[in-house]
Structure formats: structure tokens, C-alpha cells
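This report refers to the structure that appears directly beneath it.
In this chain, numbering begins with 1 at the start of the sequence shown.
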Amino acid sequence: MCGRTSCHLALEALTRACAYRDRQGRQRLPEWRDPDRYYPSYNKSPQSSSPVLLSRRHLEKGADSSERVIAPMRWGLVPSWFKEADPSKLQFNTTNCRSDTIMEKRSYKVPLGKGRRCVVLADGFYEWQRLRGTSQRQPYFIYFPQVKTEKSGSVGTTYNPEDWEKVWDNWRLLTMAGIFDCWDPPEGGACLYSYTIITVESCQGLNDIHNRMPAILDGEEAVSKWLDFGEVSAQEALKLIHPTENITFHPVSPVVNNSRNNTPECLLPVDLPVKKELKPSGSSQKMLQWLATKSPKKEDPQTPKKAQSDVPQWSSQFLQKSPVAPKRSSAGLLERWLKQEKEEEPKAKRPYTQNAGL
């Protein structure tokens, strides 16, 4: 599943991070709709507003479906057929949409049939691992592996074609597949745009943290096909929905557990305490000694004696399985990246207005 994300870039930086080429191969930046409704945050939760990419044709009839628009939308899809005046009264959770039931549920099948596919933008997402034998959960920050280049940290603001390579060369945003819909309040008012994140079975690298993960679109080609509903059918687009192993993660502070906390500390890497191996109790030691003794039955002289290493290690039964060690290089890049972004700190969180359209 995916229930918390981070998207802390300032508006201009986020725009540069979404640079793309249209169908004619021209270098473009997506245009914003309702940019004043976007607020950066290190800790975005459902029902808040997050930036998504969508095809311009959804908003302008006759537009090239390969051209992109970036707009804030409510996280948690409100179906167009919903009749109540208050979206919070929706009786089921639409934060995530399972890929295996996407064509069975009306809330997702209908907008998907209309080509309402979007890409949810984030620095990364958070997931919590349940610690065995306890009620505690350890949060992790999950994101694309990062590669530092010579140009990183020296991003310009120019949009000239000859300087296109300098438009964005920094942290790679996570691009998650989503579906959106437009709900018209029964009492009138602006259309409310909202989305859900498609989820799939977790990749092998994340299995120890959680059994599901967002459907991540890895690469420009996948993003283009998912957005271009004018040229790519729903059946073809759904072939892009599958787990990816191109992902990395690191443990973060429990400060992220509270969605009201909005600081860089939410996604900075932390060192987990080394779990001490439990020593067997007195009764357990007696059990070990009993298991290690010879059987009272007559031994077969041809049967070799067990080596000492074959004696069961009783204390190992108490150890918790740990996830695959995260890649330290990306975590180090994250810390340096956050330091470079100090001048682009998130704006103060503003109350979300439900009846706000694009």
C-alpha cells in the first residue's frame, strides 16, 4: 500500500524536475493549473493535495494528448457518481487501488475507461515494517536509486533549448501510476479533482517491509505511455503496471508517524539499534543440554557422531528478520540534496479547500 509520501520541492524546482519531450520530440516543461493550491511537504497524507501529471487533452479538447499539465489534486478518489455533498462521507477507502481488482470496481473502471490516467509525483513514499513479537513499527523512506553527476547541485533556471541539459539534474522524482476523476458537488460549485495510487504486489527487495507497493513507472517511456490516453489504450497501459526492483530505501525517524510533522527530519536516514541476541534462560539451557546428549538408544557404530555445530542455536528463534540493507550512497545523496534545497523550504501548510477545481 501507500499511505504517506514526501514532495517538498518548491513549485519552480518541481516544474524543472518534470521536463519532458512531446510527440514531436520538442523539449517541454509541463504547465501548471491552479499552482496556488500546491504546497510542498515532507509528510503528505491522504485527503491532502498532491501534484500529479496528466494529459493536456483532459482539460483542453483537441489538445495533443502527449502534452502534459501538472496540477494539485486531492489524494483519495471521489467518484464522479458520488451523490453526497461531503466527500468525507464516502464509505470506502480510495487512497489506493489494487491492480488485480481495478477492472472490477466501478470507482476505478469508469475513469480508467475514460483515459483518466495520471502520474503522482513525490520524492518518495513511506512504509512501516511491523516488528515481530511487538506492536511497534519501523518507518522507511522508499525512493528511486540516485546517481550524482557533475552538474548536480548547479541547476540553472534557464529554459533555453541550447541549455536544456541544465534544466534539471538533481534528485529523481518517484513517478507512481494513478487514476483520477472529477466530482461535481450536487449543490453546485467547482469540480473536485481527486486521484488514487495503483498498488501491486511488493518487489522482492521490499517484501520484508510490506507485501504491497505503488505501481512505479520507471523511465520516461513508461510515463509517456501511461499519460498518453489518446494513443495508448487502457489495455496496453495496464501492461506497465507491475512491481519494480529499481528501488532503494532507508530507515527514518518515528517523527514521520505524525502527519502534522513537516520537517526534513521525516526523511533523513537514521541508524537502527543493533538487536542484542537473547541469552537462553536456565530452563532453555537445560533443554539445550538435553538435546545435545546422546540418545539412550543403542548407537549404530557406522553412524558418524554429530558435529558440535549441529546443536540447535536456541536464541536464534528470538531474532527478527531484517530487511535488505539499504544503499548508503543514495541516502548520503539525500542528505546533501536536502542541504542544497534549504532556500526552497516548504511553504506553511494551508488548509485544504475541498470544492476547488483545476
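Listed here is the closest heavy atom pair of Ala190 and Pro185: O-CD, 3.4 Å. Across all non-hydrogen atoms, the minimal contact from Cys7 to Tyr38 is O-OH, 3.5 Å. Of all heavy-atom pairs spanning Leu217 and Leu240, the tightest one is CD2-CB, 4.1 Å. Here the closest heavy-atom approach between residue Pro251 and residue Gln138 is recorded as CB-NE2, 3.8 Å. Residue Cys2 comes nearest to Ile197 through the heavy atom pair SG-CD1, 4.0 Å, listed as atom of the first residue, atom of the second, then distance. Between Ser253 and Pro139, the shortest heavy-atom distance links the atoms O-CG, 3.7 Å.
Ser224 has its side chain within reach of Arg68: a pair of non-hydrogen atoms, C-beta onward, lies under 4.5 Å apart. A 4.5 Å side-chain heavy-atom check between Ile142 and Thr248 finds every atom pair outside the cut-off. Under the 4.5 Å side-chain criterion, counting only non-hydrogen atoms from C-beta, Trp226 is in contact with Ile241. Side-chain contact between His210 and Tyr140 is absent, with no heavy-atom pair separated by less than 4.5 Å. Residues Tyr126 and Thr5 fail the side-chain proximity criterion, which asks for heavy atoms closer than 4.5 Å.
Both Ile70 and Leu11 are part of a single hydrophobic cluster, where members link through side-chain heavy atoms under 4.5 Å apart. Linking ILVMFWY side-chain heavy atoms closer than 4.5 Å, directly or via other members, places Met103 and Val232 in two distinct hydrophobic clusters. One hydrophobic cluster holds both Ile179 and Leu238 under the rule that ILVMFWY side chains link at heavy-atom gaps under 4.5 Å. Trp128 and Tyr143 fall within a single hydrophobic cluster, where Ile, Leu, Val, Met, Phe, Trp and Tyr are joined by side-chain heavy atoms under 4.5 Å apart, directly or via other members.
Aromatic pair Trp171/Phe144: centroids not less than 6.0 angstrom apart. Ring pair Trp183/Tyr193: centre-to-centre distance not below 6.0 Å.
Remark: Arg33 engages Glu60 in a salt bridge, criterion side-chain N to carboxylate O under 4.0 Å. Checked for salt-bridge contact, Glu231 and Lys225 miss the test: no charged N lies under 4.0 Å from a carboxylate O. Contact check on Arg212 versus Glu201 returns no salt bridge, with no Lys/Arg side-chain nitrogen under 4.0 Å from an Asp/Glu carboxylate oxygen. Under the 4.0 Å criterion applied to side-chain N and carboxylate O atoms, Asp64 and Arg23 are assigned as salt-bridge partners.
For the residue pair Asn43/Ser41, the side-chain donor-acceptor check at 3.5 Å is not satisfied. A side-chain donor from one of Thr95 and Asn93 sits under 3.5 Å from a side-chain acceptor of the other. No donor-acceptor contact under 3.5 angstrom links the side chains of Ser194 and Trp75, judged on distance only. Residues Ser66 and Asp228 have side chains that never bring a donor and an acceptor to within less than 3.5 angstrom of each other.
Residue pairs meeting the side-chain hydrogen bond (donor to acceptor under 3.5 Å, both in side chains) criterion with at least one member in residues 110-119, sequence neighbours excluded, are Arg116-Asp181. Annotation: ring-ring contact (aromatic ring centres under 6.0 Å, His included) contacts involving residues 49-68, sequence neighbours excluded, comprise His58-Phe180, His58-Phe229.
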Working for salt bridge (charged side-chain N to carboxylate O under 4.0 Å, His left out), residues Arg56 and Glu31
CA-CA 9 Å; Arg56 181 190 293 274; Glu31 293 185 9; 3.3 Å; yes
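Although no hydrogens or angles enter the test, the distance criterion places no donor-acceptor pair under 3.5 Å between the side chain of Asn96 and the main chain of Ile198. Within the 3.5 Å criterion, the main-chain N or O of Glu104 finds no donor-acceptor partner in the side chain of Thr101. Here the side chain of Asp22 pairs a donor or acceptor atom with the backbone of Arg26 at under 3.5 angstrom.
The 12-atom threshold is exceeded at CD of Gln24, counting heavy atoms of other residues, nucleotides or ligands nearer than 6.0 Å. The number of heavy atoms from other shown groups lying within 6.0 Å of CD (Glu265) does not exceed 12.
Using cut-offs of 30° and 60° on the angle between ring planes, the pair Tyr42 and His8 is parallel.
Judged by the 6.0 Å distance and 45° axis criteria, Lys44 is positioned over the aromatic ring of Tyr39.
Residue Leu54 holds its CG atom at 7.0 Å from SG of Cys118, rounded to the nearest 0.5 Å. In this structure, CZ in Arg4 is found 12.5 Å from CG in Leu267, a value given to the nearest 0.5 Å. Note that the CD atom of Glu187 and the CG atom of Asp86 stand 10.0 Å from one another [nearest 0.5 Å]. To the nearest 0.5 Å, atom CZ of residue Arg74 and atom CG of residue Leu192 are 6.5 Å apart. Taken to the nearest 0.5 Å, the SG atom of Cys203 stands 3.5 Å off from the CG atom of Leu206. Taken from CE in Met213 to CZ in Phe125, the straight-line distance is 5.5 Å, to the nearest 0.5 Å.
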